[in-house]
Asks: 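Here's a structure for you.
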Amino acid sequence: MSPLSKSFQRVHYEFRPGKQVERRMLVHVLQSLMAVGFPISDYKYTGMGAIYFIDFIMFHRYLGIHNFLSVERSADNEKRVRFNRPFGCVEIEIGDILDYIPRLSPDLRHILWLDFDGILSSEMLTAVNLATTQLSPGSILLVTLDVEPPGKPEDGLRRWNPRTWRQHFVREAAAYLWTKHTARDFSRSSLLNVNARLIDNAIAEGLIGRKYVSFYPLFNFTYADGNRMLSVGGIIGTEEDGRKLDALDWKELYFLKRSLIGPPYEIEVPKVTRKERLHLDSVMPCDEGWTPHEFELNWNEVAAYRKIYRYYPAYTEMLL
Amino acid sequence: MAVQMANAFPKKTFFIQMFTKDISLEDCILDLLDNSIDGLIRSSNLRLADISRSIFNGNGDRKAERKWTPLVSVDYSQEMFTIQDNCGGIELDFALNEAFNFGHSLGHSFGYLGAYGVGLKRALFKIGRRFHIESKTLRTGFTCDLDVDQWVARDNNLDDWRIPLEEARPAAGQRAAGTRIQISQLHEEVKMRLQDRSFARELSKAIERTYAFFLKRYVRVEVNGSEVTSPPLPVGKPKGGEVSFEKIETDGVTVRIIATVAQGDEQGHLVTEKAGWYIVCNGRVVLAADKSETTGWGVEPNPQFMPKHRGFIGFVFFESQNPLMLPWTTTKRDLNRESAIYLHVKNRMAVAARPVIAFCNRKYGPDRDEEPIEREISRGVARASFGELVRDETTSFRGVPLTAVPKSTVTVRFEADIADVDKIRKSLRKPHMGAGAIGKYTFEYFMSQEGLK
């Protein structure tokens, strides 16, 4: 096992293409929400920035948000986190996100991104529940988590199978599980939906008793830069907020979803070279079935590129 | 075909049997106390805002508006149960048209504590077979004598549901204005309960808990001659920190939620018995030091209450001019979990409690002794009145960090061949020595052999 225990130490956050496509799509959606009347630049963004703060940088540059809070769990990296703070308007707190959710001001609207890097746990669901209770109407909640099966494949099929995965969910999410379930419901192919349903249930619990406020789903993404991840979220809003959402160009924002528990939008990032990319971009959006003559790339790969070409990140080496 | 009418009349025996079943004797007595306090409220024009102010004013003291405090006396023996007060009495008009109804009529002007219009009747029928009531206000007076069995036997029409009253002289002065209820021919089960030595103590505890915000401020209560006093609640405020506070106004109900740390006793000890949530409706404590699912413990997103949470103390004050809007059950000793206001407030309580619970979790880490932690916590918590905890805006608890204890140990673990471990057991002649003990032994062995220790 890697001696680097935290995910930001194992994986360079700046080089996760699927995640970056997700961020860029998110920025596009937030810009569109501004156009239909949500004052996004006045929102406070709370995230778990680690040492990279990529979302903070993007939201400040492209959305004009200037009120930020980054919560880092471990005090072991405090100096490193503070050193990497990108702007003076980013406040940093070291502690459990659960401690900070109740402090989110009811007088502001928020974007809260619970960007967890592990598999589902009771603390995550508690955070979701608390967030939906606390966030003011018009606020946006996004939850990201790892949806790989719990445990380790090295343990062997006897100790790593749907029965043991089910035990994990019973242990961590009993309060949010539906009443009848068997091991079959926790097969590998079902885990995306299991995680989404549990988060959906935690959101519903958090909303109990809140008058005139509902949850309007918008985001339901999956991608796999390494482990398969799921991001779900939406707006906690009034009926008026719901009407504003109807004014979005849902055709242009084709990756948005109106439900957390239906099939997610799959972000697939085909691996192409910079030269290939420039060539592909010159014909985007291409016709159905088009493939380049100059090099081998099948239609499935071209189609995947066509879906996300506007959000495809470009990585370069800068010799400083 | 001609329509025929089926009887759907209320029957006295049904009422008396059914609605006395699910309430304890203590709760019946508390209902009678509620009526006394409602009488006090009516006669002194006490407003809900006054009660609220007396709880939330800055130093917790109430400036007495009277020079004397009305008294409610509860006395009982095997022959007689008596409750007597000088809280203002019941107007004759009210007695004739409202007080003896089962339930309230439309347009009824509610008291603050008597919500359902059943407390008096339920208590009378629960306790005995004969009652005598005398009540005098400054304007009117009446007496009422009833043999319950004879009254129950006449049940042919609605007129048989009436109860005879005789007009009496009004009270000579404020201190004489009040009500006396005497119940005799006590039911056998009530006699047995009253005989129980623990009853007086339990009743006194129930009174001191339920009327914590009324005793001494507005009324005194005696049980068989002994005054019931309410010990102060261990309400604390973190020095240099902040409490959780939120005020909600919805559907004619004002709710104030306060979550904070408890203040320890003189030795700095925290009392688990007093920890938990206190739910107060119109000044009456419905739940005290609750640690159950009713107030959310063990229900997501809250943890199960554990001893390490004994530093937690929270209060939810519900106030409404219409007591039917409050989330209490008919016994007023529990919360109605289907109440819309309860459902709304329950999640807000979880948000308010969260930082206090996190503080309690952090302070009792696995590598710290509890007693010194408690003393350290207590030094950082000041006694506070409710007035000092009320804020103009919603706040979230912030405690003062504990002194960090530098870690001086690290866990050493490694895999070893079972055959090798068995060899060590054999060599030490300790066939049952555990693997952990063997690891420690070999560590200590190396340290001493190499002169490192």
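Note on naming: letters A, B, ... go to the chains in the order of the sequence lines (proteins, then strands), and numbering restarts at 1 for each one.
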Asks: Begin with the C-alpha distance, continue with both residues' side-chain angles, and end with the deciding distance and a verdict on side chain to side chain contact (heavy atoms under 4.5 Å, CB included) for A:Gln134 and B:Asn347.
Replies: CA-CA 9 Å; A:Gln134 179 65 5; B:Asn347 280 348; over 6 Å; no
Asks: Within a strict 4.5 Å, meaning less than it, do heavy atoms of the B:His344 and A:Ile208 side chains meet?
Replies: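 Of all side-chain heavy-atom pairs linking A:Ile208 with B:His344, none is under 4.5 Å.
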Asks: Taking atom CG of B:Asp392 as the centre, report whether more than 12 heavy atoms of other residues, nucleotides or ligands fall under 6.0 Å from it.
Replies: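 12 or below, so no.
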Asks: For the OG1 atom of A:Thr126 and the CG atom of B:Asn302, what is their distance to the nearest 0.5 Å?
Replies: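 One finds 8.5 Å between OG1 of A:Thr126 and CG of B:Asn302.
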Asks: Out of A:Gly206, A:Ser105, A:Gly95, A:Ala202, return the one with the most heavy atom pairs under 4.5 angstrom to chain B.
Replies: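 Going by pairs under 4.5 Å, I would pick A:Gly206.
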Asks: Other residues, nucleotides and ligands only: do more than 12 of their heavy atoms fall within 6.0 Å of CZ on A:Arg73?
Replies: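 No, because the 6.0 Å sphere around CZ of A:Arg73 holds 12 heavy atoms or fewer from other groups.
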Asks: Measure the NZ-OG1 distance between B:Lys346 and A:Thr133 for me, rounded to the nearest 0.5 Å.
Replies: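 One gets 9.0 Å once the value is rounded to the nearest 0.5 Å.
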Asks: Determine whether more than 12 heavy atoms belonging to other residues, nucleotides or ligands lie under 6.0 Å from atom CD of A:Glu239.
Replies: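 No, because the 6.0 Å sphere around CD of A:Glu239 holds 12 heavy atoms or fewer from other groups.
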Asks: Measure distances from B:Thr250 to the heavy atoms of chain A and classify the residue's part below 4.5 Å as side chain, backbone, both or neither.
Replies: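 For B:Thr250, the side chain is the part near chain A, not the backbone.
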Asks: Is A:Tyr100 in contact with chain B via its backbone, its side chain, both, or neither, using a 4.5 Å heavy-atom distance?
Replies: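 Neither part.
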Asks: State, with a plain yes or no, whether a side-chain heavy atom of A:Asp99 is found less than 4.5 Å away from one of B:Pro355.
Replies: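 SC-SC contact between A:Asp99 and B:Pro355 ruled out.
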Asks: Measuring from B:Leu343:CG to A:Lys211:NZ, what's the distance to the nearest 0.5 Å?
Replies: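 One finds 11.0 Å between CG of B:Leu343 and NZ of A:Lys211.
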Asks: Can you establish whether the number of heavy atoms outside A:Arg159 located under 6.0 Å from its atom CZ is more than 12?
Replies: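 Open.
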Asks: Evaluate side chain to side chain contact (heavy atoms under 4.5 Å, CB included) for B:Arg354 paired with A:Leu98, printing each intermediate quantity in order.
Replies: CA-CA 8 Å; B:Arg354 183 80 221 173; A:Leu98 287 172; 3.5 Å; yes
